[in-house]
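Below is one structure, written out as structure tokens, with a few remarks after it.
Within every chain, numbering begins at 1; the chains are lettered A, B, ... in the order of the sequence lines, protein sequences first and strands thereafter.
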Amino acid sequence: MEVIGKGTWIDLIAYRVVEREKSLGRPLELIRVESGLGASGIPHIGSLADAARAAAVKLALENLGYRSEFIAFSDDMDGLRKVPQGLPDWLNSYLAYPVSSIPDPFKCHESYGSHMSSMLIDAMEKCGIEFKFMSGRDAYRKGVYANQAIKILENWEKIGQAIEEITGQTKFKMQLPYFPICENCHRIYLAKATEYDRESQKVLYKCEGTEIRKRFIKGCGHEGEAKVNGDQGKLAWKVEFAARWASLDIRYEAYGKDIADSVKVNDWVADNILNFPHPYHVKYEMFLDKGGKKISKSAGNVFTPQTWLKYGTPQSLLLLLYKRIVGTRTISVEDIPNYMDEVDQLEEIYFTRKEALSMWEIKLRGLYEYIHLLKPPEKPSKHIPYSLLVQLCTIAPEGKEVEYVSNKLKQYGMIKEADEHIIQRIKLALNWSKDMHEVKREKVELSDKEKQMIKELINSLTNDPKESQQAIFQIAKKYEVEPKDFFKKLYKILLGTESGPRLGPYLVDIGLEKARTILSQAIES
RNA sequence: GGGCCUGUAGCUCAGCCAGGUAGAGUAUCGGGCUUUUAACCCGAGGGUCCCGGGUCCGAAUCCCGGCAGGCCCGCCA
């Protein structure tokens with residue numbers, strides 16, 4: 001069997017795009033792919049997935065020998081329909097405002113919309129993804145798809161009929177698929193446009209109000225007109241993609257199953273009204289949050305790419321997104337160690353298995369190249385299991401974690417010197433350990449005898465791990481207590497668990513001063 | 001009402017989209033670490049790949065039909 005590109009699903013999509021374009025007879029000088037960047041809420045990992053995968057298809061097309069471009073398109077003309085959890089209440093007074101007209105609640109960007117887009121852009125940049133940015137507002141302002149909008153509005157009744165046939169929705173039989181921004185109250189969606197004037201290319205509207213998310217929002221009653229060629233309003237989603245595809249010559253765009261109906265309608269509009277064969281599509285399932293200990297406890301905390309990057313490398317995040325496209329993915333911070341180790345496994349395969357490969361290995365090597373955006377490193381890095389780093393971080397004395405962990409790694413003979421790469425990994429594992437592997441010391445019930453034993457231990461601790469270890473046994477023997485039980489109590493006090501690392505070395509590692517403090521506190525309570 | 005996803009070891013899941021010897025982590029059990037019970041290291045057991053048909057030399061994987069759980073859309077975008 002002949003392998004396409006790097007052998008992954010990404011290559012298969014690129015291949016199918018090219019084959020389809022050939023059969024349509026369209027020019028192949030430039031194959032443009034697109035991804036929409038949501039601008040109305042905090043970008044989820046799923047938002048990054050859409051963009052990262054489109055970027056990968058672009059790379060695959062180039063790898064197959066075609067020129068390609070990836071456009072990341074910010075939907076910043078969309079109105080705010082719901083204030084995301086965790087954002088200030090005053091945003092409620094901006095409901096139905098285009099997100100590009102709402103002040104940035106974080107005060108660092110031009111608008112609410114640009115703040116949200118910039119969070120996604122930040123994640124893309126951290127992953128090394130290259131893209132060409134476009135803003136919806138700019139596109140409307142410059143009249144980028146004025147011609148398409150005019151064609152759509154001229155045929156609005158035909159389209160309304162098609163929308164009913166495809167989705168059962170009858171709304172657009174009674175109004176234009178165009179939402180003017182009310183020039184009086186500056187909100188979108190509330191004004192109903194029922195008439196299109198071909199001569200002046202204007203839409204006549206009345207700001208009546210509408211139901212958004214089961215809540216009726218009253219309009220201001222203003223009657224006005226909006227010029228189609230400009231940013232006085234926007235096309236409804238049901239037709240907007242089509243206009244965008246046709247004017248930007250988009251050949252591929254993936255979509256989530258939540259907007260499947262809109263895509264169907266847009267395909268019809270592109271094919272039948274705009275005479276632009278719709279782009280090749282792939283439908284993907286949603287990402288579902290599984291949450292994770294501390295993370296999910298704070299309300300309204302969506303799983304952002306930034307959250308992932310706090311614990312994992314960009315490559316581990318891209319692995320999550322590129323591994324496969326089919327099927328629902330549930331994501332959790334608890335999975336990150338697995339993905340980190342899996343990246344190392346892929347690297348191992350990439351650098352050791354270069355010939356006589358099975359399809360399986362070809363795919364994995366391809367996957368490794370894609371998580372490096374087809375620019376894999378020349379040499380493998382040092383592999384240390386993430387779980388080991390986490391464990392070392394968990395027992396590391398506070399404030400000196402990186403130093404402690406790198407010293408341990410040296411002792412284990414795993415590294416000679418802690419370079420930048422290792423230190424980075426330790427920091428990620430440290431974040432994970434702090435948030436996910438929390439040491440919770442609860443009050444431990446102690447008998448007077450046990451208190452006495454601990455007091456004696458405090459006095460017998462020395463900087464020699466062996467001596468300290470022996471001290472525990474000697475004290476247990478002296479008080480005629482099973483060493484086992486004494487150890488249990490000590491673990492409980494120090495780590496909140498019933499078992500743990502060899503205590504002598506551990507006590508020395510955390511520092512005698514600190515060990516004594518913790519033990520003294522336990523006696524006092 | 002329409003569409004989609006999932007079902008694999010006790011548990012959590014990978015493998016399925018391009019068919020080729022059934023995998024990992026965890027739990028369990030056994031062994032190791034010259035006074036611990038290790039969170040460490042080595043090893044073992046553990047499977048009707050949800051059920052039933054079909055295609056194929058060959059099916060966890062592709063097709064058809066069930067069963068069970070979940071998700072999305074249904075006049076917001």
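With sequence neighbours left out, K478(A) forms a salt bridge (charged side-chain N to carboxylate O under 4.0 Å, His left out) with E456(A). With sequence neighbours excluded, no residue satisfies side chain to side chain donor-acceptor pair (under 3.5 Å) with Y97(A). Residues satisfying the salt bridge (charged side-chain N to carboxylate O under 4.0 Å, His left out) criterion with D267(A), sequence neighbours excluded, are absent altogether. Not counting sequence neighbours, the partners of K408(A) by the side chain to side chain donor-acceptor pair (under 3.5 Å) test are D509(A).
Rounded to whole Å, the C1' atom of rU28(B) lies 46 Å from the corresponding atom of rC73(B).
Nucleic acid contact for I163(A): none, since no nucleic acid atom lies under 4.0 Å from a heavy atom of the residue. No contact: K173(A) has no heavy atom under 4.0 Å from any strand.
Sorted by residue number, the members of residues 207-217 of chain A with any non-hydrogen atom under 4.0 Å from RNA chain B read E211(A).
Between rC16(B) and K363(A), a contact under 4.0 Å exists linking OP1 or OP2 to a side-chain N or O. The side chain of K408(A) contributes no N or O atom lying less than 4.0 Å from OP1 or OP2 of rC40(B).
In the interface, the side chain of K257(A) is not paired with the base of rC73(B) through any donor and acceptor atom under 3.5 Å apart.
With a 6.0 Å radius and a threshold of 12 heavy atoms from other residues, nucleotides or ligands, K218(A) has its NZ atom at or below the threshold.
The listed nucleotides are rC75(B), rG3(B), rA18(B); the one nearest the side chain of M359(A) is rA18(B). Here the side chain of Y189(A) is nearest to one of rA77(B), rA18(B), rU36(B), namely rA77(B).
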Is there any protein nitrogen or oxygen under 3.5 Å from a nitrogen or oxygen in nucleotides 12-14 of chain B, and what are the pairs?
from, atom 1, to, atom 2, distance (Å)
rA14(B), OP1, R324(A), NH2, 3.0

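Per the geometry, CD1 belonging to I166(A) stands 15 Å off C1' belonging to rC75(B), to the nearest Å.
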